[in-house]
Amino acid sequence: MSPVRKPVLPPETIGILGGGQLGRMMAQEARRMGYGIVVLDPSDDCPASHLADEHIQAEFSDANAVQKLAAASSALTFEFENVDPAVMEGLESFPSLEPLFVSRNRWREKSLARKLGIATAPFFPVNSVTDLRMACANPEIQACGGAILKTCEGGYDGKGQWRLKPEQLEAAAGPLSDSDFVGLLESDLRDLLSATTGPPAASQRSESERAPGNAPVLTAGTSEVVADSAPFLLEGMVDFSLEFSIVGTGFSDGSFHCYPPIENQHRDGILHKSLSSSNLDEVASRRAVEYARSLSEHFGYIGTFAVEFFLAEGEPVFNEMAPRPHNSGHLTMDAKLSSQFEQHIRAICGLPPGPNSSLCEAAMINLLGEDNSQLRGLEDAIGIPGLRFHWYGKKEARSGRKMGHITAIHSDLSEAERAVEKAFQCLGWVRQ
Ligand code: ATP
Ligand code: MG
């Protein structure tokens, strides 16, 4: 736990590294509370800049600019995890750099989850084609009936992921040569593997590490060093009944406060819809909250973060952690007494938590852009009772870009879901 510090009170200034929609929504809440805002972002018209007192337009890698941001603020925070530790030297931030360092690498975050006793899908580091074959042939992966190869770093919204079918897993364990095996994979994965595979770490292991019948298996002997720098991770497919997240906040007194599990539905690997309540039973729900709390306590986390879970056979299975307010938590702005952004601001300023109580049920849908298009139908959508419209002020729509979201509120969740679906049907993208 960090030492007790003097609370940061309005009208002091909060510094935000990153000026996208998360920075903007942090700024919105902070502004309402009376704080000043300074944001650093390279883009001249970034969403958070519209709400900031000062916009430092600079690259995130510009150490001088980051120092300037810190000097102008009484509390420093981020809206993304890929912060270069070199530019943060000597600076205090909330959260600290450690959860960012862990969660921006899938190998590190899943290894930590496992260490803390949090259930995960089977996963193995992949440094080479041989590693990939060994991981595919592992009985734990084979038992999943499918697998996903993910880049350890830099992936988001389902990018940097390739699904492997049962027949590809079977082929991995068979007598094919490595090049014939690679020939069975999707072409973009083939190219990537040949471009990024480093020294064949796994093939340097002795033959005795291989399973009888020549079916290669990854052994426990995989070195931490190799694993920690592996470019990919192979993960078993989880046969889940639903996906959900725990969005919560760690405070400087060591406490952790979260909302009930939020159900999430994805389309093409990107979050599409979130619901304020889920069909989780009490036991699974409590376990997921305890998992999130153990991560918060492990880091002495200060600020809002989210943990994404699968529900498989009634049990929560850890997918990943996001060390920042989360897309699935946007509905808290309309449905909870204190939103995830207010809790974040309170935590980073050393204030006590706000009440997390529910005001109503809510259903949220993301509005993803299309190339050179404009949103139409808002005048109809906004007339639907209970509909709340959030727009991020991005000038240019692009395919898949998060442009805004809509949330419908109601005392009954299915009514809220019906309303948000109806509003979504009214909206469409028209080419300019
Ligand atoms: P985001 O940043 O949007 O959360 P991401 O790029 O970090 O996404 P993941 O959360 O790992 O990627 O995966 C995106 C989606 O793909 C998941 O929400 C889930 O629907 C599916 N998925 C990922 N891993 C698995 C798995 N092991 N088993 C089943 N489905 C999976
Ligand atoms: Mg995810």
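Order of listing sets the numbers, starting from 1, for every ligand and every atom in it. Just so we're clear, the structure is a prediction, and the values are computed from it rather than from any experiment.
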Flag the pair [X] and [Y] as a salt bridge only when some basic side-chain nitrogen lies within less than 4.0 angstrom of an acidic carboxylate oxygen.
X	Y	answer
R287	E290	no
D371	R398	no
E342	K336	no
R190	E186	no
E421	R418	no

[atom]: the protein heavy-atom neighbour that sits closest, reported with distance to 0.1 Å:
atom	result
atom 24 (N) of ligand 1	K150 NZ, 2.8 Å
atom 30 (N) of ligand 1	F240 CE2, 3.5 Å
atom 4 (O) of ligand 1	E320 OE2, 2.7 Å
atom 13 (O) of ligand 1	Q161 NE2, 3.3 Å
atom 27 (N) of ligand 1	E235 OE2, 2.7 Å
atom 2 (O) of ligand 1	D157 N, 3.2 Å
atom 21 (C) of ligand 1	R163 NH2, 3.5 Å
atom 19 (C) of ligand 1	E243 OE1, 3.3 Å

Establish, yes or no, whether a centroid distance under 6.0 Å links the rings of [X] and [Y].
X	Y	value
F60	F80	yes
H405	F389	no
F305	F256	yes

Quick one: pull up [atom1] in [X] and [atom2] in [Y] and give me the separation to the nearest 0.5 Å.
X	Y	atom1	atom2	answer
R346	I348	CZ	CD1	12.5 Å
F78	L22	CZ	CG	14.0 Å
S285	I246	OG	CD1	6.0 Å

Work out whether the distance between some heavy atom of [X] and some atom of ligand 1 is less than 4.0 Å.
X	value
N319	yes
G236	yes
G158	yes
R267	no

Under 4.0 Å to a heavy atom of [X] - the qualifying atoms of ligand 1, by number:
X	answer
E308	4 (O), 10 (O)
H266	18 (O)
V238	26 (C), 27 (N), 28 (N), 29 (C)
I148	22 (N), 23 (C), 24 (N), 25 (C), 26 (C), 31 (C)

Heavy-atom distances under 4.0 Å are what count here, so tell me which part of M237 touches ligand 1: side chain, backbone, both or neither.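 Both backbone and side chain.
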Geometric class of the F341/H330 ring pair [parallel <30°, tilted 30-60°, perpendicular >60°]: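 Tilted, since the angle between the ring planes falls between 30° and 60°.
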Among G269, S328, A322, whose heavy atom sits nearest atom 14 (C) of ligand 1? G269
Given the ring of F101, does R108 sit roughly above its face, with NZ or CZ under 6.0 Å from the centre of the six-membered ring and within 45° of the axis?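 Judged by the rule (NZ or CZ under 6.0 Å from the ring centre, within 45° of its axis), R108 counts as positioned above F101.
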Per the ring pair (Phe, Tyr, Trp, His ring centres under 6.0 Å) rule, what does the pair list look like for residues 411-432, sequence neighbours excluded?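 Those involving residues 411-432 are H272-F424.
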Polar protein atoms near the Mg ion (ligand 2) [N, O or S; cut-off under 2.8 Å]: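 Listed by chain and number, the nearby protein N, O or S atoms are E308 OE1, E320 OE2.
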Determine whether the side chains of H266 and E243 contain a donor N or O and an acceptor N or O closer than 3.5 Å. yes
